[in-house]
Amino acid sequence: MADDNKRWGIVYCPKSGVLKPGKKWTRIEKCLKEKGVCYDHVQSENAKSVERLVKMMINNGYTTIIIVGGDSALNEALNCLMHTEKDVREQIALGVIPNGTMNDFARFWDFKENDIEDTVSRLCRHRVRKIDVGCIRYNNQQGERCRRYFLNCVCIGLVASVMKLRRRANNVPGLRTLSFIPSTLLMIFQRLEYKMRLRIESDVIDRKVMTVCIGNAKGYGFTPNAVPYNGLLDVSVVYHPQVAQLVEGFYLLYSGKILNHGSVHPYRTNEVVIEKAERALIGVDGRIMNSPVGTFKVQVEQEVVNFLI
């Protein structure tokens with residue numbers, strides 16, 4: 001059992017593709033001791049074990065749970081929290097020390113991966129904000145009703161394919177820093193498009209689409225204006241750009257101005273219904289999920305998680 005409500009429970013998720021994963025934890029541990037933080041920590045064997053470890057910490061009375069990891073690890077922790085009884089969840093504050101392949105949600109709150117001292121100092125202040133989470137509701141291959149929660153975004157189509165490629169490259173030591181290159185080349189030259197049918201409010205989109213990003217936060221640059229505290233989701237539907245527009249799109253994406261591109265059609269809503277997305281991969285907070293069967297919905301749930309900012 002946790003000794004008191006001030007003791008942190010920390011789940012350390014080593015970064016894949018790094019030759020000395022323990023080096024980062026040594027730095028974090030030193031900083032925690034210097035700040036006088038009382039904590040217990042466990043190390044995850046893989047991303048799928050995070051949910052189990054967070055559940056163990058909840059059952060043992062920890063009310064401050066810190067994830068040392070990236071978007072996927074945070075997503076596992078979130079889903080554990082969201083499947084916990086509401087009165088228990090409301091007593092728990094979730095925090096992050098970024099240490100992943102992608103740290104988009106941490107960057108939204110201006111947590112920097114290489115500035116451990118600043119991150120720990122901010123976490124020590126225990127400033128809590130109630131935040132929204134997204135939820136994808138679907139039927140699985142067995143016909144069971146399922147739901148998966150997310151902090152950052154759901155991506156359908158090309159962006160999910162890029163995420164899958166980046167993750168594979170990051171699992172190979174030495175290729176981590178180069179993974180951006182093949183991912184970018186895929187985005188520019190692999191001109192994929194998917195037949196989709198979407199309902200967003202009163203609008204129906206029934207045509208070939210390159211990618212759709214539904215963001216509770218920045219969505220890896222595709223929903224740059226999304227914030228996880230307004231009760232709404234930002235949606236970017238990207239039609240197939242001309243070759244000459246690809247370079248412009250690449251520049252606008254990485255400068256945070258993708259919504260200015262002529263092939264990007266933005267929406268703001270609290271629900272998106274996806275009736276068809278033929279052959280398209282679906283990514284949830286950077287991890288590829290099993291394809292839903294039939295129609296599925298993406299919705300927002302307002303102010304349901306305590307997050308340390």
Next on the checklist: Can you list everything that forms a salt bridge (Lys or Arg N to Asp or Glu O under 4.0 Å) with Arg107? Sequence neighbours excluded, please.
Outcome noted: Asp104
Checklist entry - How would you list, by chain and number, every residue that makes a salt bridge (Lys or Arg N to Asp or Glu O under 4.0 Å) with Arg89, sequence neighbours excluded? => result none
Next on the checklist: List the residues meeting side-chain hydrogen bond (donor to acceptor under 3.5 Å, both in side chains) with Glu144, not counting sequence neighbours, and say none if there are none.
Outcome noted: Asn140
Checklist entry - What residue pairs, at least two apart or across chains, pass ring pair (Phe, Tyr, Trp, His ring centres under 6.0 Å) with a residue in residues 73-102? => result His83-Tyr149
Next on the checklist: By the ring pair (Phe, Tyr, Trp, His ring centres under 6.0 Å) test, which pairs, at least two apart or in different chains, include something from residues 269-299?
Outcome noted: none
Item to check | Results of salt bridge (Lys or Arg N to Asp or Glu O under 4.0 Å) for Glu271 - residues two or more places apart only | outcome: none
Item to check | For Tyr138, ring-ring contact (aromatic ring centres under 6.0 Å, His included) partners two or more places apart | outcome: none
Checklist entry - Of all residues at least two apart in sequence or in a different chain, which pass the side-chain hydrogen bond (donor to acceptor under 3.5 Å, both in side chains) check with Thr295? => result none
Item to check | Qualifying residues under salt bridge (Lys or Arg N to Asp or Glu O under 4.0 Å), relative to Asp110, sequence neighbours excluded | outcome: Lys112
Next on the checklist: Show every salt bridge (charged side-chain N to carboxylate O under 4.0 Å, His left out) that has at least one partner inside residues 67-82, sequence neighbours left out.
Outcome noted: Glu76-Arg148
Using residues 272-283 as the side-chain source, report each donor-acceptor pair under 3.5 Å to any protein atom, sequence neighbours left out, with the distance given to one decimal.
from, atom 1, to, atom 2, distance (Å)
Glu275, OE1, Arg197, NE, 2.5
Glu275, OE2, Arg199, NE, 2.6
Glu275, OE2, Arg199, NH2, 3.4

Item to check | Results of side-chain hydrogen bond (donor to acceptor under 3.5 Å, both in side chains) for Glu29 - residues two or more places apart only | outcome: Tyr39
